[in-house]
Amino acid sequence: MRQFTSVEALIDAAAHGVLDRLPGRGVAGAAIEFLVFGLKQGWACLFGGAMLALIMATKFWWPDHAWLARYDFLFLAALTIQLAMLGFKLETWSEAKVILVFHVVGTIMEIFKTSAGSWIYPEEAFFRIGGVPLFSGFMYAAVGSYLARVSRIFDMRYTRYPPLWATALLAAAIYVNFFAHHFTVDIRYGLFAATAILFFRTTVHYRVFRFRHRMPLLLGFLLVSLFIWFAENIGTWSRAWIYPNQNEGWAPVSIQKLGAWYLLMIISFVLVTFVHRPRTMDEIEPKPSPQSV
């Protein structure tokens, strides 16, 4: 797996030209490592961050009677951003494929959930399927984009990673439960338990700048889910979509939704592993160089 696209490699080399001259130890070294961590996370969030910025901007500045509906603009903008990321080599074609799959998976779930009244899209749109504007699928794609890019940019390695077939079965069960719990028993707590059993011993090792760090993978899942939950609060505040209790005025998204995002994020993560196969620490790792950060 290549850590960077050709354009990212040029950016990385330029960054090394500055960072390599800075202190590598002590408080200053730790501060630089933290700064690079934040910059890389921001770069991994490029697509999702752009979408969230557009959602917020159109909340304030989109004309009420514009010839193009706000949702349609968001759809066309998301499509343009995705094509631009591929055209400018900010994303690989293999990543785009898994993002497309997650886009379709998310859109299908959106169609079902909106028909069940779980949430609604209060504005009109031309590009829509039923009550679901097509830009919504890109919000799921943003999660897939982040997970694919962060795995590559941080050169993630794993110890005691479970078999791929087991993670695929878990992801399939999670997806089915998102539909089935409307008609039968909700098994999400059993799915939480299954996730804990599968990944309890798994550690992710990631390179920031000069050093490798490690974290329990379950903690990483939780942190990503929390970030998505915060982003969803921004999305509903902008009325890009709303839950029934937000119809008369905005209220924070229930913390219970954190669990739903946790499970949905597992699906996305498993899809990404079929593009960026989980690698172990035993695999040969090149020595740090201007192309390895």
Side-chain angles (χ1 to χ4, degrees), residues 41-42 45-64 66 68-79 81-82 99 102-103 105-147 174-175 177-179 181-182 186 188 221-268:
Q41 285 286 347
C45 291
L46 186 61
F47 182 74
M51 283 300 299
L52 202 58
L54 286 173
I55 285 173
M56 293 177 65
T58 54
K59 155 74 173 176
F60 290 108
W61 295 303
W62 197 256
D64 290 335
L68 182 66
R70 179 194 181 198
Y71 287 167
D72 292 334
F73 168 78
L74 290 173
F75 167 68
L76 295 173
L79 190 60
I81 293 169
Q82 184 66 79
I99 290 167
F102 199 48
H103 187 292
V105 165
T107 300
I108 292 172
M109 192 174 71
E110 285 279 328
I111 294 169
F112 176 81
K113 290 288 189 177
T114 52
S115 66
S118 297
W119 57 81
I120 63 170
Y121 291 88
E123 300 177 26
E124 294 298 321
F126 175 77
F127 297 107
R128 66 189 304 138
I129 300 176
V132 180
L134 294 187
F135 90 88
S136 66
F138 283 101
M139 303 311 297
Y140 293 89
V143 177
S145 175
Y146 167 76
L147 290 173
I174 290 171
Y175 190 63
N177 188 63
F178 275 119
F179 298 87
H181 81 84
H182 288 274
D186 187 351
R188 74 178 61 195
F221 287 161
L222 180 61
L223 292 175
V224 172
S225 302
L226 186 63
F227 178 81
I228 297 171
W229 180 77
F230 282 128
E232 185 178 32
N233 273 280
I234 295 174
T236 56
W237 170 80
S238 71
R239 294 185 70 81
W241 67 93
I242 57 174
Y243 290 101
N245 68 314
Q246 297 172 323
N247 196 40
E248 300 301 325
W250 183 79
V253 176
S254 169
I255 194 66
Q256 293 181 346
K257 293 295 181 181
L258 180 61
W261 277 113
Y262 181 89
L263 292 174
L264 194 65
M265 187 269 306
I266 297 290
I267 298 175
S268 182

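No experiment lies behind these values; they were computed from the predicted model shown.
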Are the side chains of [Y] and [X] in contact, using a 4.5 Å heavy-atom criterion?
X    : Y    : result
M265 : L147 : yes
F178 : I267 : yes
L54  : I81  : yes
K113 : H182 : yes
L74  : I55  : yes
Y140 : E110 : yes
I174 : L264 : no

Testing the basics here: between [X] and [Y], what is the closest heavy-atom pair and its distance to 0.1 Å?
X    : Y    : value
A78  : M51  : CB-SD, 3.4 Å
G117 : P244 : O-CG, 3.5 Å
P133 : G131 : CD-O, 3.5 Å
A125 : A69  : CA-CB, 4.3 Å

Examine distances only and state if a side-chain atom of [X] and a backbone atom of [Y] form a donor-acceptor pair shorter than 3.5 Å.
X    : Y    : value
S145 : A141 : no
N247 : Y243 : no
Y71  : A240 : yes
S115 : I111 : yes

Residues that [X] engages under ring pair (Phe, Tyr, Trp, His ring centres under 6.0 Å), provided they are two or more places apart:
X    : answer
F179 : F112, Y175
F73  : W62
H181 : none

I need the [X] [atom1] to [Y] [atom2] distance, nearest 0.5 Å.
X    : Y    : atom1 : atom2 : result
T58  : R239 : OG1   : CZ    : 13.0 Å
C45  : Y146 : SG    : OH    : 5.5 Å
S268 : L263 : OG    : CG    : 13.0 Å
T114 : I129 : OG1   : CD1   : 10.0 Å
Q41  : L223 : CD    : CG    : 9.5 Å

Sorted by chain and number, sequence neighbours left out, salt bridge (Lys or Arg N to Asp or Glu O under 4.0 Å) with E123 holds for R70
Sorted by chain and residue number, the salt bridge (Lys or Arg N to Asp or Glu O under 4.0 Å) partners of R188 (sequence neighbours excluded) come out as D186
For residues 249-259, tabulate all N or O donor-acceptor pairs below 3.5 Å that involve a side-chain atom, not counting sequence neighbours.
from : atom 1 : to   : atom 2 : distance (Å)
W250 : NE1    : T236 : OG1    : 3.0
S254 : OG     : Q256 : N      : 3.1

Which of parallel (below 30°), tilted (30 to 60°) and perpendicular (above 60°) describes [X] and [Y]?
X    : Y    : value
F127 : F75  : tilted
F138 : F47  : tilted
Y121 : F135 : perpendicular

>> Between F230 and W237 (judged by ring centroids, cut-off 6.0 Å), do the two rings come close enough to count as a pair?
In response: no
Have Q246 and W119 got a donor and an acceptor in their side chains that come within less than 3.5 Å?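 W119 and Q246 do not have a side-chain donor-acceptor pair below 3.5 Å.
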